[in-house]
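Residues: numbered from 1 along the sequence shown.
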Amino acid sequence: MEAGVRVRVQESVIVYHHPESRNQAFDLKGLEGEVVALVNDWQGKPISANLPVQVQFDKKFKAHFREEELEILS
């Protein structure tokens, strides 16, 4: 997986920071977005992030995922 790829959330992932339902449970399953970053280093040092794939869904909303929670669309 690399930056710029369109993806869809294929598993139920509950977040509480979605802009339209702040502080309430929001399921991301089925939403489509674009991978904007793979978090595998910090300040030049390799890291092992728990949720390494950062996906942008719209202008105001980004979330981090595991690769197995996403399916590649393009």
Side-chain angles (χ1 to χ4, degrees):
M1 194 170 296
E2 58 189 36
V5 173
R6 294 280 304 164
V7 293
R8 178 183 303 130
V9 181
Q10 67 180 359
E11 294 183 11
S12 181
V13 177
I14 305 295
V15 297
Y16 291 87
H17 67 283
H18 191 272
E20 295 175 7
S21 58
R22 180 78 71 191
N23 296 327
Q24 296 177 2
F26 186 83
D27 191 359
L28 298 177
K29 185 174 183 175
L31 286 182
E32 295 181 9
E34 182 178 330
V35 175
V36 291
L38 294 173
V39 182
N40 53 14
D41 69 330
W42 184 70
Q43 295 182 348
K45 297 177 184 175
I47 60 171
S48 59
N50 293 335
L51 305 170
V53 183
Q54 184 179 30
V55 177
Q56 176 133 17
F57 294 100
D58 59 26
K59 196 172 187 178
K60 296 181 181 181
F61 183 60
K62 292 181 187 176
H64 291 261
F65 297 91
R66 294 179 187 90
E67 284 193 35
E68 56 269 6
E69 294 173 330
L70 303 170
E71 68 175 305
I72 298 174
L73 298 176
S74 62

| message | Let me confirm one number: the CG-OH distance from Asn23 to Tyr16, rounded to the nearest 0.5 Å. | response | 10.0 Å
| field | Minimum heavy-atom distance Leu38-Met1, with the two atoms named | value | CD1-O, 2.9 Å
| request: Drop me the distance from Leu31's CG to Phe57's CZ, to the nearest 0.5 angstrom. | output: 5.5 Å
| According to a 4.5 Å side-chain heavy-atom criterion applied to Ile, Leu, Val, Met, Phe, Trp and Tyr, with indirect links allowed, do Ile72 and Leu70 form part of one hydrophobic cluster? | yes
| said: Around atom CG of Asp41, are there more than 12 heavy atoms from other residues, nucleotides or ligands closer than 6.0 Å? | reply: yes
| Of the non-hydrogen atoms in Ile14 and Ala25, which two are nearest, and what is the gap between them? | CG2-CB, 3.8 Å
| query | Is it true that Phe61 and His17 have ring centroids separated by less than 6.0 Å? | reply | yes
| task | Working to the nearest 0.5 Å, report the span between NE2 of His18 and CG of Leu28. | result | 7.0 Å
| said: Between Glu32 and Arg6, does any side-chain N to carboxylate O distance fall below 4.0 Å? | reply: yes
| task | Give the C-alpha distance, both sets of side-chain angles, the deciding distance and a yes or no for side-chain contact (heavy atoms from CB on, under 4.5 Å) between Val55 and Phe65. | result | CA-CA 8 Å; Val55 177; Phe65 297 91; 3.8 Å; yes
| task | Mark yes or no for whether Asp27, through its side chain, and Val13, through its backbone, hold a donor-acceptor pair below 3.5 Å. | result | yes
| message | Using the rule side-chain contact (heavy atoms from CB on, under 4.5 Å), only one of Leu51, Val7, Val53 pairs with Glu67; which is it? | response | Val53
| query | Counting distance only, does the side-chain N/O of Glu69 pair as donor-acceptor with the main-chain N or O of Arg66 below 3.5 Å? | reply | yes
| Separation between CD of Glu71 and CD of Gln10, rounded to the nearest 0.5 Å | 5.0 Å
| If two hydrophobic side chains count as joined below 4.5 Å and joins carry through other members, does Val35 share a cluster with Val39? | no
